Every structure is written in structure tokens, then in C-alpha cells.
Amino acid sequence: MSFNDALLSGLAADGGLYVPEHYPRVSPEQLNAWRDLLQTQGYGALASQVLELFADGYPPDSIGQMTRQAYTAEKFGDPAIVPLQPIGQTSFWLAHLSNGPTASFKDIAMQLLGELLSYELDQRDTTMTVIGATSGDTGSSAEHALMGRRRIKVVMLLPYKRVTPFQRAQMLTIDDPAITNLEIEGVFDDCQDLVKAINLDTAFKARFHISAVNSINWGRVAAQVVYYFAAYLRSGHETVSFAVPTGNFGNILAGHVAREMGLPIDNLILATNENNVLDEFFRNGIYRPRQADLVHRTSSPSMDISKASNFERFVADLLRRDGARVAELFGPTLAQQGYFDLSWTPQFAGLRERFGFISGSASHADRLAVIRRWWQDYQILIDPHTANAVHVAETFTIDGPVIVLETALPFKFADAIEQATGFKPPLPARFAGLEQATEQSVIMPNDLTKVKRWIAKWLRLN
Ligand SMILES: *Cc1c(COP(=O)(O)O)cnc(C)c1O
């Protein structure tokens, strides 16, 4: 399958995820050339070079045009797009991934995806309906990247009462007839399961040209690979580690891909909140998704996830692309026993050495302590998601620099910031008045038949 086909279809027909047949390798000479390119021509130019390694079949410079359109100082508030900031006299750096239109790192991939999808739909003279699930940030990021694109409609499923008022307002105040939001009476995983089930109905999927832009879309992972290269190159170090706040395993998967491509990453530090399924796997070799009602509601809500859909892609690499075994583990094994255990396998024993992953989790108190300390010591305000990563990184003794990926701006999670520091971070001017604007809301039970019926009707009418 081509990159374009994977982009448009999102999820494979059998419910599996697309992966590239192999990861392209980047030589040290290439890295040096990219360092110059980043300095002289900027993030968009680097992005086009990285993307071209994955994306086949595009005419010369078409990807370059798209990356230049996606990554502007106007959209990202800074010509660097992903500025890198040293933290006091420590070995920590902060990579600011969240200066885009909706103030989360999701914007980086989503803005490019908007360009890629529009381009592809124009080529094929067709339309598409994006059906997505969001724990809060993906939805608004997707809607802001896709609104006004005439060939695309968006249906977003969000968990009722489980996203912050600001996140909710970012979606429900969008006044575009091609965009609708469904608040599902359930948790994020229920929304994600509904999207998966809709995608498995091939007739429904074909009839409405349905695709997914969740992090299961390979195009998003590919777009995220770029900022690992950019942050590394800007740091000026020979090797670095990355600390990544992790929920659905999309962000850190891009780090894994970058490392497989030859980027000199020492450790990939995976940080979860109290919803620590992934931490459990990387420490014990057992992957045990939780029941929806056991998902903790935390002060880092975009990481309140009980099963990590992108994790399957990493397991495919861990098991040397034994697709049948991956299908068995994520299909019958999980369905029958509720977990799978790779702790006894030689691959798991060699995991840290081979893939660089280490992991930990953070509690509410840990997050607040980190936010308070970084504010007091460095006058740097970080959001509670990012704080998970800082906390976990600090529990390890890491040789060399650690680049922490900032995944949201602190004002989006003002209550937690106020608890930590005693003040509410100011709302950037560009978001003023959002929470007072009119919201359009549809609340639905967690019921596949009802949700599908509603979507079919909406699509016929709009
Ligand atoms: C989505 C999100 C995460 C988790 O990223 P994954 O790719 O799902 O691991 C972390 N922090 C914020 C603010 C997010 O929006």
C-alpha cells in the first residue's frame, strides 16, 4: 500500500495498523546536512526531507509546499515552530511542541495532515469523512486543522464530562456545518472503541468515505518523527534522551521510529500518570489494558487512557514484524485472558538495550511538586502532562542531556497550575472569550447502533 492510501484509510480493513515495510536509515552525513538545512531554511524544510523518506508518489516539491504551509510562524507563534529551551544549569531541555492553534502538540501532526489530506482528495477528486475519538486535545486539534477544507467532514466523539471546559469549548464552539461533536456517555476508550467498530463496518465505511485521523493514522506518526530530529539537531549534542508524556503511545512511537532511523537517541523515557498500563509493560512485560470504569480521572486528562492503540506498532517491531503473533496477542489473547505476557521472551529481556525504553509513572502530587519547583527555580511554567515526564525523568540517573517534550500549554489546565503555584496562568489573548461563546452539544449513550444511525443521518443532511 502507498503512503497516500494508508493516509486516507487510517485503519486497515482487518482492524490492524499500517506500518512502513522498513524504516529508512539516516546517515551521520545526512544528519549534518539537515542541521544546516534546519538553521538556514527552517522546520518546514526539514519536515519535507524527513517526510519524503516515507511518502512515495508525490511530484517534486509538493511535500515541501505542504510543509511550508503547515509550519508557519503565524500558526505556531514562533519561527522555530519547535523552540528548544535549556533549563537553568541542568541537563534538561524543554522542547516546546504546543504553540500551535489549539495549544497542544497534536497540532504539529494535524496541521500537516490537513494539507496532505486536502492534496490527496483533490488529486482523487473525492471527499472524506473523518471520524475520530478524543481524550480532549486531538479533537480540537483535528477540527482546527480540517475546518474550512471543502472536501472534508468531521465527526468527533468525546467522553461526556471527561474533558476540561476549555477543551470542550475549543470543539463545541466551532461553527462549521461540516464539523460535529458527539459527547459519549463513557470514557475515552469507549469513544475509541466506537470509532474502531465503525471502521470495521466496511459497507458503512465505504458509503461515507470514512477515515481516521487519530494517532492510529500513520501519517500523524510520520509527521511527529520530524520534531525528534529538530530537537536533537538544535541541542547540539551527540546523543540525547527524550522524556515523553505518554497516553496512546503516538508521540513516543515517533521517537522510536526516529531512533530506528538512526537518530542517536540514548533513552526514550516513557512517562504515564496514574493510568500506568504502559509503565507496567515496560517494567514487567505484561500488557493489561484496564476496564473503562477503572480509568483514573487525573489532572493530566489527555493521558487518561487504559489501552494504548499505537502500542501495537511497537510490539510488531519488538516481535520482529511477526504480524500473525501480533494479531493473536491483540485479538484472541487480550479478549480471552485480558492481558498478554511477554516477560519470558528473549525480546523483552533485551528491550532496554535494543530499543532504549525506560518508564515510570507520576501521581497528582508528583505533578504539582514538579510544576511548583520548576516555577520557583527556573520561572518556567509547565503543564501537568509535561510534568509527568519531568518527574519520571528525574527519578532516573541519565547520562547526558534529556529533552522533555512539552505537550500542552499550562493555561489549558489552569486548575492544576493554580493548585501548584497559587495563581491561574493567564489565557493567551488569542483564546480570550472562547469559554463564553455558544456551544453546540449532542449527548449520546455509548451505543454503537445509535451512534451510527445518528452519524448516517447527519451525513445525509450536511
Ligand atoms: C495526546 C496527549 C498526550 C499523550 O500523547 P500520546 O501520543 O497519546 O501518547 C500527552 N499530553 C497531551 C497534552 C496530549 O494532548
Side-chain angles (χ1 to χ4, degrees), residues 17 94-110 113 132-145 158-159 162-164 166-167 170-171 188-189 191-192 212-225 227-228 242-257 268-279 281-282 295 298-314 357 359 361-362 367 371 382-392 404-414 416-417:
L17 305 185
L94 194 60
H96 293 277
L97 304 183
S98 43
N99 293 328
T102 68
S104 87
F105 86 99
K106 307 278 194 312
D107 290 331
I108 296 187
M110 220 48 103
L113 207 65
T134 182
S135 59
D137 289 328
T138 302
S140 57
S141 182
E143 291 175 358
H144 285 262
L158 57 142
R162 295 241 180 191
V163 305
T164 69
F166 182 82
Q167 289 176 319
Q170 278 186 307
M171 291 179 265
F188 166 71
D189 300 274
C191 299
Q192 186 157 264
V213 295
N214 274 70
S215 54
I216 49 179
N217 190 306
W218 169 251
R220 269 184 66 188
V221 179
Q224 289 173 181
V225 169
Y227 54 69
Y228 283 88
F242 282 93
V244 188
T246 301
N248 229 345
F249 206 78
N251 194 352
I252 202 163
L253 178 75
H256 160 70
V257 173
L268 285 164
I269 305 164
L270 180 151
T272 70
N273 62 21
E274 291 85 338
N275 298 294
N276 59 352
V277 252
L278 287 169
D279 178 33
F281 174 80
F282 282 96
V295 176
T298 77
S299 50
S300 46
S302 301
M303 295 162 62
D304 291 352
I305 281 168
S306 66
K307 54 185 127 154
S309 45
N310 259 301
F311 180 54
E312 203 172 316
R313 287 190 163 115
F314 174 71
F357 276 91
S359 80
S361 63
R367 288 187 283 280
I371 293 168
I382 51 172
D383 97 291
H385 301 79
T386 311
N388 288 318
V390 173
H391 171 82
V392 171
V404 177
L405 299 186
E406 180 198 59
T407 55
L409 292 187
F411 82 87
K412 276 187 108 167
F413 305 95
I417 302 297

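When reading the values below, keep in mind they use all heavy atoms of this one structure, side chains included, and skip hydrogens, waters and symmetry mates. For ligands, and for the atoms within them, numbers begin at 1 and follow the listed sequence. Since the model is a prediction, treat every value here as computed from it, not as a measurement.
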- With a 4.5 Å heavy-atom cut-off, do Val392 and Asp279 have their side chains touching? no
- Contact atoms of ligand 1, heavy-atom distance to Met303 under 4.0 Å: 10 (C)
- Would you mind listing which atoms of ligand 1 come within a distance below 4.0 Å of any non-hydrogen atom of Asp137? 12 (C), 13 (C), 14 (C), 15 (O)
- Partners passing side chain to side chain contact (heavy atoms under 4.5 Å, CB included) against Ala145 (at least two apart in sequence or in another chain): Met110, Gln111
- Item | Under 4.0 Å to a heavy atom of Asn248 - the qualifying atoms of ligand 1, by number | 6 (P), 8 (O), 9 (O)
- Item | Contact atoms of ligand 1, heavy-atom distance to Gly250 under 4.0 Å | 6 (P), 7 (O), 9 (O)
- Item | Per atom 4 (C) of ligand 1, closest listed option by heavy atom (Ser98, Ser300, Gly247) | Gly247
- What is the ring orientation for His256 with Phe357, classed by angle as parallel under 30°, tilted 30 to 60°, or perpendicular over 60°? tilted
- Do you know which of Asp304, Ile305, Val277 makes side-chain contact (heavy atoms from CB on, under 4.5 Å) with Val295? Asp304
- Message: With a 4.5 Å cut-off on side-chain heavy atoms, are Ser302 and Gln167 touching?
- Response: yes
- Message: Just to be sure I read this right, does ligand 1 sit under 4.0 Å from the backbone of Phe105, its side chain, both, or neither, counting only heavy atoms?
- Response: side chain
- In ligand 1, the atoms that come under 4.0 Å of a heavy atom of Ala408 are 13 (C)
- Query: Any side-chain heavy atom of Asp137 within less than 4.5 Å of one from Thr102?
  - Reply: no
- Under 4.0 Å from a heavy atom of Thr246: give me the atoms of ligand 1 that qualify, with their elements. 9 (O)
- Item | Selection from Lys106, His385, Lys412 by shortest heavy-atom distance to atom 3 (C) of ligand 1 | Lys106
- Query: Are Phe314 and Phe281 near enough that their ring centres are under 6.0 Å apart?
  - Reply: no
- Item | Check: Val221 and Arg313 side chains under 4.5 Å, non-hydrogen atoms | yes
- Does the N or O separation between Asn251 and ligand 1 drop below 3.5 Å for any pair? yes
- Near Phe249 (heavy-atom distance under 4.0 Å), the atoms of ligand 1 are 6 (P), 8 (O), 9 (O)
- Query: Out of Thr407, Val221, Asn273, whose heavy atom sits nearest atom 12 (C) of ligand 1?
  - Reply: Thr407
